[in-house]
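Here the structure is a predicted model, which means the values were calculated and not measured.
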Amino acid sequence: MLKDIMSPNDIKSLSNSELETLAFEIRKFLIESVSRTGGHLASNLGVVELTLALHYVFDFSKDRLIWDVGHQSYVHKILTGRMDKFSELRKFGGISGFPKTSESIYDAFNTGHASTSVSAALGMARARDLSGGKFDVVSVFGDGALTGGMMFEALNDAGHSKSKVIMILNDNNMSISQNVGGLSRYLQKLRIKPEYFKSKDFIEELLSKLPLGSNRAKDTAKRAKTALKKRVIPTTLFDNLGLNYIGPVDGHDIAALKFVLERAKNSDTSSFIHIRTVKGKGYRPAETHPQQYHGISAVQSNSECYTQIFGKKLIELAKKNSRITAITAAMPINTGLSEFAKIFKNRYFDVGIAEEHAVTMAAGLAIGGFVPVVSIYSTFLQRSYDQILHDVCLQNLHIVFCIDHAGNVGEDGETHHGMHDIAFLSSMPNMTILSPSSFDELGDMMNYAINIHKGPIAIRFPKGRTQVKSPKFEFGRARIWENGGDIAIISTGRMLKTAQEVSKHFGAALIALPTITPMDSGTVVSAVKGKKLVVTVEDAAISGGIGELVSYTLSKNSVGVPVMPVAFPDAPIIHGTVSEVDKYYGMDTESIIKKIEDRLNGR
């Protein structure tokens with residue numbers, strides 16, 4: 001059946017049994033396709049029936065569908081005419097692994113971070129009402145997203161808003177890893193009470209049939225019925241927020257899903273639909289190990305990466321220093337903390353998808369005499385900008401930010417590239433930024449940051465395993481690797497390997513910046529004096545990066561050598577392999593050599 005589905009209209013005439021057959025075929029296609037290309041598998045297997053029911057009931061060429069995070073939108077993409085493009089999923093020039101408004105009219109909002117969908121949906125609904133539009137707005141989010149404060153801000157607003165929004169909680173008891181916290185326990189209580197939905201319907205129907213009596217008694221009777229309804233019908237947290245809670249509903253029962261979605265569509269008010277699904281549904285390995293099958297790679301490698309080195313070194317240091325604590329925001333495996341969590345249960349804290357809370361809680365731990373190590377991807381650390389500045393830097397607290405996936409991260413694309421951490425951290429008072437170019441250097445930096453440094457400090461390291469052999473780390477010292485020629489090349493982190501190759505081509509001086517801030521201005525200034533050109537090469541956005549920091553340092557020291565920054569543009573960065581993305585933006589060795597030659601030749 002699947003080969004005949006060219007648009008969502010093609011499923012609207014199918015029976016429930018035919019939709020179930022189609023669901024089986026979609027799962028088979030996903031397993032085969034994603035195994036070849038890599039991508040998010042388990043989360044998409046869990047929403048097959050939900051996605052079919054959504055497209056059966058609604059018309060998302062007119063209605064709006066917003067996927068929270070967006071990594072579970074593969075089935076949506078299949079049904080909206082993109083199945084033939086799945087061989088290029090997440091590949092350079094291919095379709096994204098997340099919703100993109102530039103890709104299809106059916107993608108209503110670009111997403112890549114959690115807890116955003118209800119806010120966006122409510123904004124769209126209010127725009128609709130202000131413009132006199134007539135369409136539905138649907139938000140789909142997971143129970144992991146409910147640990148984010150922004151989601152509760154949106155639900156609180158939606159509870160008193162007159163603009164209709166349909167909110168669907170896809171409850172699979174997982175985010176990337178097992179969900180944690182009080183809300184997770186609360187949802188567990190709701191999951192074991194499937195009679196709630198049926199009893200609510202029954203009681204509402206029963207009360208609607210009670211006679212109101214004479215006209216004179218109608219108001220009194222209505223108030224009595226309302227009071228009785230509140231006493232008899234069980235309420236949930238979501239009801240108490242002012243939302244019309246429906247559920248729990250079996251998220252793999254197409255007939256039940258169609259029924260509740262039709263009910264929500266025909267209602268004049270907002271609905272909060274709680275569905276229960278199984279992450280990895282239909283594929284036993286993914287059902288059994290949903291964490292491992294959350295995101296899979298097309299090319300598996302047994303060699304170590306920076307994340308694993310970080311996790312091992314932290315355990316080594318924590319065995320010797322009982323004040324070390326580790327904090328993650330729902331990503332213990334992805335940030336290398338899963339073994340730490342087993343060994344140091346009392347010193348490990350998974351706060352859920354709540355980066356802002358993670359940082360300010362770390363501030364409390366630091367004031368209490370501990371050394372918090374906060375491990376968060378660069379792209380997600382952006383969410384806690386105010387907390388880092390206000391709660392950490394202004395108080396000059398000793399917190400170690402280990403920033404994983406900094407710079408170009410490849411296939412996950414524009415929402416996940418970590419291009420901006422240097423820019424937003426370097427302007428903060430008391431903040432120090434380190435950038436290793438090898439596994440050994442990362443270990444040295446961690447030892448310094450945890451056991452010696454005072455105040456906030458960040459170590460940014462890349463996804464993967466690119467490294468160069470480097471001498472032992474010395475805090476605050478720039479390193480002169482090569483000294484000669486008319487050109488000086490300054491680099492840091494992952495790009496130091498590329499900078500070495502460029503330096504060799506020109507016979508240029510090469511300066512490494514393992515400590516980005518505070519910059520070793522003395523070494524930098526003496527190394528570039530008398531040069532014709534300084535070239536900075538970095539795995540970050542051009543604004544606010546080391547190019548600007550070096551330019552400022554030279555200007556402050558009255559060194560009039562022109563600076564040519566080589567970095568990623570201030571624009572959304574496309575997806576592809578790391579090397580493909582580098583080449584596209586002129587960040588590979590050959591492209592940088594050509595840029596320098598063009599500059600020297602006045603082109």
Side-chain angles (χ1 to χ4, degrees), residues 355 359 362-363 374 376-408 417-437 441-442 445 448-449 453-462 473-479 490-496 499 511-525 528 534-557 559 563-571 573:
E355 291 83 4
V359 171
V374 181
I376 297 177
Y377 281 13
S378 175
T379 184
F380 301 129
L381 193 68
Q382 295 163 181
R383 314 184 88 184
S384 54
Y385 179 97
D386 180 64
Q387 288 71 29
I388 299 171
L389 175 60
H390 183 273
D391 300 331
V392 178
C393 289
L394 293 186
Q395 300 188 82
N396 198 25
L397 298 177
H398 183 198
I399 295 174
V400 181
F401 295 96
C402 287
I403 307 174
D404 203 334
H405 280 50
N408 172 6
H417 290 303
M419 295 294 172
H420 306 287
D421 50 79
I422 296 176
F424 74 74
L425 291 175
S426 61
S427 64
M428 294 186 180
N430 298 314
M431 177 60 79
T432 294
I433 306 173
L434 309 180
S435 177
S437 54
E441 194 167 48
L442 171 59
M445 287 178 174
Y448 168 80
H453 191 77
K454 302 300 179 186
I457 186 167
I459 308 173
R460 73 180 309 259
F461 50 89
F473 168 71
E474 293 181 73
F475 173 70
R477 294 291 302 274
R479 287 198 303 265
I490 302 176
S491 189
T492 187
R494 177 179 76 90
M495 296 307 295
L496 190 58
I511 301 104
L513 294 178
T515 303
I516 296 176
T517 63
M519 187 173 290
D520 181 1
S521 57
T523 300
V524 170
V525 167
V528 306
V534 174
V535 181
T536 60
V537 182
E538 61 186 307
D539 190 13
I542 194 165
S543 292
I546 66 168
E548 288 191 0
L549 294 172
V550 168
S551 294
Y552 172 73
T553 297
L554 298 185
S555 175
K556 187 172 67 171
N557 288 276
V559 178
V563 177
M564 174 184 167
V566 177
F568 287 91
D570 299 328
I573 306 301

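Asp404 is listed as a side-chain neighbour of Phe461, based on a closest heavy-atom distance under 4.5 Å. For the pair Leu513/Val524, a side-chain contact is recorded, criterion being any heavy-atom separation below 4.5 Å from C-beta on. Residues Thr515 and Phe475 form a side-chain contact, since some pair of their non-hydrogen atoms from C-beta on lies under 4.5 Å apart. Between Pro565 and Glu548, the closest side-chain pair of non-hydrogen atoms is not below 4.5 Å. Between Ser426 and Ile516 there is no side-chain heavy-atom pair separated by less than 4.5 Å. You'll find the side chain of Pro569 stays beyond 4.5 Å of the side chain of Ile542, heavy atoms only. Side-chain contact between Asn408 and Ile573 is absent, with no heavy atoms from C-beta onward closer than 4.5 Å. Inter-residue side-chain proximity for Phe401 and Met431 is flagged as met; some heavy-atom pair is nearer than 4.5 Å.
Ring orientation note: the planes of His405 and Tyr377 are close to parallel, at an angle under 30° on the 30°/60° scale. Between Phe473 and Tyr448, the two ring planes are perpendicular [angle over 60°; tilted spans 30° to 60°].
For Asn557, the side-chain contact (heavy atoms from CB on, under 4.5 Å) partners two or more places apart in sequence, or in a different chain, are Ser521, Val525, Thr553, Val559. Listed by chain and number, the residues in a ring pair (Phe, Tyr, Trp, His ring centres under 6.0 Å) with Phe424 are Tyr385 (sequence neighbours excluded).
Note that CZ of Phe568 is 7.5 Å distant from NE2 of His417, once rounded to the nearest 0.5 Å. Distance check, rounded to the nearest 0.5 Å: OG1 of Thr432 to NE2 of His453 gives 3.5 Å. Atom OG1 in Thr523 sits 9.5 Å away from atom CD1 in Ile511 (nearest 0.5 Å). Between Ile376 atom CD1 and Glu355 atom CD the span is 5.5 Å, to the nearest 0.5 Å. Here the straight-line distance linking atom CG of Leu434 with atom CZ of Arg460 works out to 11.5 Å at 0.5 Å rounding. Remark: Ile403 CD1 to Leu381 CG distance equals 5.0 Å, nearest 0.5 Å.
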Side chains of residues 386-397: which donor-acceptor partners sit under 3.5 Å, not counting sequence neighbours?
from	atom 1	to	atom 2	distance (Å)
Asp391	OD2	Thr360	OG1	2.6
Gln395	NE2	Asp391	O	2.8

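The side chain to side chain contact (heavy atoms under 4.5 Å, CB included) with Ser437 is formed by just one residue from the set Arg494, Met495, Arg479; it is Arg479.
Under the 3.5 Å distance criterion, the side-chain polar atoms of Thr517 are matched with a main-chain donor or acceptor of Ile433. In terms of modelled atom types and a separation under 3.5 Å, the side chain of Ser555 and the main chain of Ser551 share no donor-acceptor contact. Remark: the backbone N or O of Ala449 is paired with a side-chain donor or acceptor of His398 at under 3.5 angstrom.
Scanning all heavy atoms of the two residues, the minimum distance from Met419 to Ser378 falls at N-OG, 4.5 Å. When all heavy atoms of Ala478 and Asp520 are compared, the pair lying nearest together is N-OD2, 2.9 Å. In terms of heavy atoms, Glu538 sits closest to Ala567 at CG-CB, 3.7 Å.
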